[in-house]
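For reference, the structure discussed in these notes is given below.
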Amino acid sequence: MERVDDEAARATDELLTLLLDDLGPTLQRYRDEVARRLGLSPAELLCLDLCRRHGTMTSNRIGQQLGLTRSAVWKLLHRLEKAGHIDRRAPQGREQEVEVRLRPHARRDAVLADLRATLRRRVTDLVVDHDLRDRRHAAVAIALVGMANRLFSQAQTLADAAANERLLAARRRARAADTSTPWWAR
C-alpha cells in the first residue's frame with residue numbers, strides 16, 4: 001500500500017508542477033495575448049468570459065470572481081459598456097448591485113471564434129498525433145504538455161503578428177511624414 005501512495009504522491013507532484021509551472025503561465029500568456037488582440041485588459045477579458053459562461057451576473061459576483069473592489073468593478077463595467085461589450089441594468093430596489101449581460105459584438109465574437117478554431121485544430125492534431133482517443137491516465141500528462149506547448153506557440157504567433165503590424169504601421173507613418181527635404185535640413 002505504501003508503494004501506491006509513493007507513486008500517487010510522485011504522480012501528483014508531477015501533475016502539479018506541470019499545471020502550475022508549465023500550463024498556468026502559458027494559459028496566462030495566451031489570455032493576455034487574446035485580451036491585447038481585442039484591445040481589452042486581462043481583467044476585462046475575464047469579465048467577458050464570466051458573463052459568457054454564466055449568463056447574466058451581478059456586479060458583486062463579478063467582483064468576487066475577479067477579486068476586485070466595487071469601485072474597480074464599476075470602472076471595468078463602464079469601459080466594457082462604453083465599448084459595446086455588455087449591458088448593465090440596476091434591479092429595482094437594489095441600486096448598489098448591477099446586473100451585467102454580455103452583448104453580441106461582431107469584432108470580438110469573430111476574433112474569439114477564429115482563435116478558438118485555430119486552437120481546436122492544434123488540440124485535434126495533438127489528440128491524433130498521440131492517439132489519445134482511448135487512453136486515460138498517461139495520456140492526460142501528454143495532453144497537458146502538448147496543450148501548454150501549443151498555447152505558447154499560439155500566443156507567440158499572436159505576439160509576432162502584433163509586432164509585425166506595429167512595425168508596418170510605423171513604417172507607413174514614417175513614409176507619410178517623409179518630405180523631399182533632406183534629413184539634415186529638417
* To do: Using the test side chain to side chain donor-acceptor pair (under 3.5 Å), find all partners of D49 that sit at least two apart in sequence or belong to another chain.
  => R31
* For residues 66-85, which residue pairs qualify under side-chain hydrogen bond (donor to acceptor under 3.5 Å, both in side chains), counting only residues two or more places apart or in two chains? -> E44-R79, E81-R88, H85-R108
* Begin from the C-alpha positions of L40 and V34 and carry the test side chain to side chain contact (heavy atoms under 4.5 Å, CB included) through to its verdict. => CA-CA 8 Å; L40 301 170; V34 170; over 6 Å; no
* To do: Any chance you could measure L48, atom CG, to L38, atom CG, to the nearest 0.5 Å?
  => 8.5 Å
* To do: Calculate, to the nearest 0.5 Å, the distance between atoms CZ and CG belonging to R52 and L45 respectively.
  => 9.0 Å
* Qualifying residues under side chain to side chain contact (heavy atoms under 4.5 Å, CB included), relative to A170, sequence neighbours excluded -> R173
* **Residues forming a side chain to side chain donor-acceptor pair (under 3.5 Å) with D160, sequence neighbours excluded** => Q156
* Partners passing side chain to side chain donor-acceptor pair (under 3.5 Å) against Q65 (at least two apart in sequence or in another chain) -> none
Contacts under 3.5 angstrom, residues 109-118 side chains, donor-acceptor by atom type, not counting sequence neighbours:
{"residue": "D109", "atom": "OD2", "partner": "H105", "partner atom": "N", "Å": "3.1"}
{"residue": "T118", "atom": "OG1", "partner": "D114", "partner atom": "O", "Å": "3.0"}
{"residue": "T118", "atom": "OG1", "partner": "R121", "partner atom": "NH2", "Å": "3.1"}

* Asked: What pairs with D32 under salt bridge (Lys or Arg N to Asp or Glu O under 4.0 Å), at least two apart in sequence or on another chain?
  -> none
* Taking only residues two or more places apart in sequence, or in another chain, which ones meet R107 in a salt bridge (Lys or Arg N to Asp or Glu O under 4.0 Å)? -> none
* Asked: What's the shortest heavy-atom distance between I62 and C51, and which atoms?
  -> CD1-SG, 4.2 Å
* With sequence neighbours left out, what residues match R166 under side chain to side chain contact (heavy atoms under 4.5 Å, CB included)? -> R36, A162, A163
* Can you measure from CG (L68) to CG (L77) and round to the nearest 0.5 angstrom? => 9.5 Å
* How many angstroms lie between atom CD1 of I86 and atom CG of L80, to the nearest 0.5 angstrom? -> 5.0 Å
* For R120, which residues count as a side chain to side chain contact (heavy atoms under 4.5 Å, CB included) partner, sequence neighbours excluded? -> T124
For residues 53-60, dump all side-chain donor-acceptor pairs below 3.5 Å to protein atoms at least two apart in sequence or in another chain.
{"residue": "T58", "atom": "OG1", "partner": "R61", "partner atom": "N", "Å": "3.1"}
{"residue": "S59", "atom": "OG", "partner": "V98", "partner atom": "N", "Å": "3.1"}
{"residue": "N60", "atom": "ND2", "partner": "E97", "partner atom": "OE2", "Å": "2.8"}

